[in-house]
Amino acid sequence: MRTKIALVTGASRGLGRALAAGLAREGYALITDARNAAALEAAAQGIRAQGGTVTALAGDVADPAHRAALSRAAGQAGRLDLLVNNAGTLGASPLPALADYPVDDLRAAFEVNVIAPIALTQLLLPLLRASGGAVLNITSDAAAEAYAGWGGYGAAKAALEQASNVLAAEELAVRVWWADPGDLRTEMHQQAFPGEDISDRPVPESVVPAFTRLVSERLPSGRYRAAHLIPAAR
Ligand SMILES: NC(=O)c1ccc[n+]([C@@H]2O[C@H](COP(=O)([O-])OP(=O)(O)OC[C@H]3O[C@@H](n4cnc5c(N)ncnc54)[C@H](OP(=O)(O)O)[C@@H]3O)[C@@H](O)[C@H]2O)c1
């Protein structure tokens with residue numbers, strides 16, 4: 001059987017990097033991206049050092065030409081089994097109230113957190129359908145809860161959740177999961193709490209078993225929380 005391929009966006013640090021490493025351990029060959037080429041390559045080298053295979057393509061998921069390059073890489077690999085739309089942005093920081101949210105920042109957050117994952121999924125669906133593959137969209141509790149200051153990010157994640165929900169109803173040959181990883185000790189989380197000590201938050205590696213369970217057991221399409229998939233992860 002040929003090696004399974006996973007494409008993970010935002011894999012230079014944080015949750016994306018940990019997920020990519022976890023999927024490599026599960027035997028997936030990887031296609032990864034992030035904007036900072038040096039950080040992306042360093043993360044890829046870390047996975048290769050453990051015996052993994054990585055094609056790392058630097059670029060911005062909001063850029064249609066970069067999304068086309070990712071799609072070409074999957075086409076050249078000849079298959080795609082899993083698309084993880086993990087790359088995301090917090091939007092404006094410190095987090096502004098909606099009353100004061102700069103509209104250009106709001107538009108940019110929707111571009112990265114909603115439009116880009118949908119557009120990338122559109123390009124990759126033919127390969128995912130052919131392999132009976134899966135899409136994993138990383139969302140957030142801010143999609144469902146009303147946290148003051150999280151309106152821009154939360155509205156974008158809510159839009160991604162509903163797009164995932166409809167995609168699951170439309171694409172019966174493909175699993176579609178949208179999942180909240182919970183609070184994690186990452187750069188984005190620090191950006192949300194500038195100057196605060198976030199060392200009590202779990203490291204991203206702690207939730208990887210939740211996501212590898214989703215993939216290996218091919219659980220039904222739907223919304224998941226990492227904490228519920230592996231209660232000990234929190
Ligand atoms: N951390 C949490 O507590 C938490 C909670 C709930 C949900 N999440 C979600 O988990 C996902 C990962 O977040 P994280 O906390 O791991 O964030 P992070 O540490 O800031 O990492 C984000 C990753 O995405 C890449 N990225 C950002 N914008 C990009 C773009 N436009 N194009 C391509 N790559 C891009 C970053 O690299 P470059 O900057 O080099 O592009 C980096 O590799 C996000 O979807 C986030 O919303 C996180």
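As a basis for the values below, the full set of heavy atoms in this structure was taken, side chains included, without hydrogen atoms, waters or symmetry mates. Computed from a prediction, not measured in an experiment: that's the story for all the values here. When a ligand or atom number is given, it counts from 1 through the structure's own listing order.
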Look at ligand 1 and say whether Lys157 reaches it with a heavy atom at a distance under 4.0 Å. yes
Atom 40 (O) of ligand 1 has as its nearest protein heavy atom Asn36 N, 2.9 Å
Less than 3.5 Å between some nitrogen or oxygen of Leu184 and one of ligand 1, yes or no? yes
Is it true that Asp183 lies under 4.0 Å from ligand 1, counting heavy atoms only? yes
Output yes when a side-chain donor or acceptor of Arg213 lies under 3.5 Å from a complementary backbone atom of Leu229, and no otherwise. yes
Please tell me whether Asn36 and Ser12 have a donor and an acceptor in their side chains that are separated by less than 3.5 angstrom. no
How far is atom 7 (C) of ligand 1 from its nearest protein heavy atom, and which residue and atom is that? Thr139 O, 3.0 Å
Is Ala18 in contact with ligand 1, taking contact as a heavy-atom separation below 4.0 Å? no
Atoms of ligand 1, numbered as shown, that sit under 4.0 Å from any heavy atom of Gly14: 16 (O), 19 (O)
With heavy-atom distances below 4.5 Å as the criterion, would you say the side chains of Asp33 and His66 are in contact? yes
Which word best sums up how the rings of His189 and Phe193 line up, parallel for under 30°, tilted for 30 to 60°, or perpendicular for over 60°? tilted
Under a 3.5 Å distance rule, please check whether Arg175 uses its side chain to pair with a backbone N or O of Arg218 as donor and acceptor. yes
Atom 5 (C) of ligand 1 has as its nearest protein heavy atom Gly182 O, 3.3 Å
Looking only at N/O atoms, are Asp60 and ligand 1 under 3.5 Å apart anywhere? yes
Quick one: look up the protein heavy atom nearest atom 37 (O) of ligand 1 and list residue, atom name and how far away it is. Ser12 OG, 3.3 Å
List ligand 1 atoms under 4.0 Å from His189, heavy atoms only on the residue side. 1 (N), 2 (C), 3 (O)
Going by the 4.0 angstrom heavy-atom rule, the piece of Pro204 near ligand 1 is neither
Is the closest heavy atom of Leu90 to ligand 1 under 4.0 Å? no
Going by heavy atoms in the side chains, are Phe211 and Leu23 under 4.5 Å from each other? no
Please answer whether the main-chain N or O of Ser199 pairs with a side-chain N or O of Arg185 as donor and acceptor at a distance below 3.5 Å. yes
Counting both backbone and side chain atoms, is some N or O of Val112 under 3.5 Å from an N or O of ligand 1? no
I'd like to know if Arg48 and Glu41 make a salt bridge, using a cut-off of under 4.0 Å between side-chain N and carboxylate O. yes
Identify the protein heavy atom lying closest to atom 17 (O) of ligand 1, giving its residue, its atom name and the separation to 0.1 Å. Met188 CB, 3.4 Å
Where at least one partner belongs to residues 52-63, residue pairs that pass side-chain hydrogen bond (donor to acceptor under 3.5 Å, both in side chains), sequence neighbours excluded: none
Looking only at protein heavy atoms, identify the closest one to atom 12 (C) of ligand 1 and say how far it is in Å. Asn86 OD1, 3.1 Å
Quick one: look up the protein heavy atom nearest atom 29 (C) of ligand 1 and list residue, atom name and how far away it is. Arg35 NE, 3.5 Å
Restricting to heavy atoms, the pick from Ala62, Ala226, Gly59, Gly10 nearest atom 33 (C) of ligand 1 would be Gly59
Show the atoms of ligand 1 that are less than 4.0 angstrom away from any heavy atom in Leu15. 10 (O), 16 (O)
Could you check atom 1 (N) of ligand 1 against the protein and tell me its nearest heavy-atom contact, residue, atom and distance included? Thr186 OG1, 3.0 Å
Indicate the atoms forming the closest heavy-atom contact of Leu82 with Tyr28, along with that distance. CB-CE2, 4.2 Å
Just by modelled atom types, is the Glu196 backbone N or O under 3.5 Å from a matching donor or acceptor in the Gln190 side chain? yes
Does either side chain, that of Glu161 or that of Thr139, offer a donor lying less than 3.5 Å from an acceptor on the other one? yes
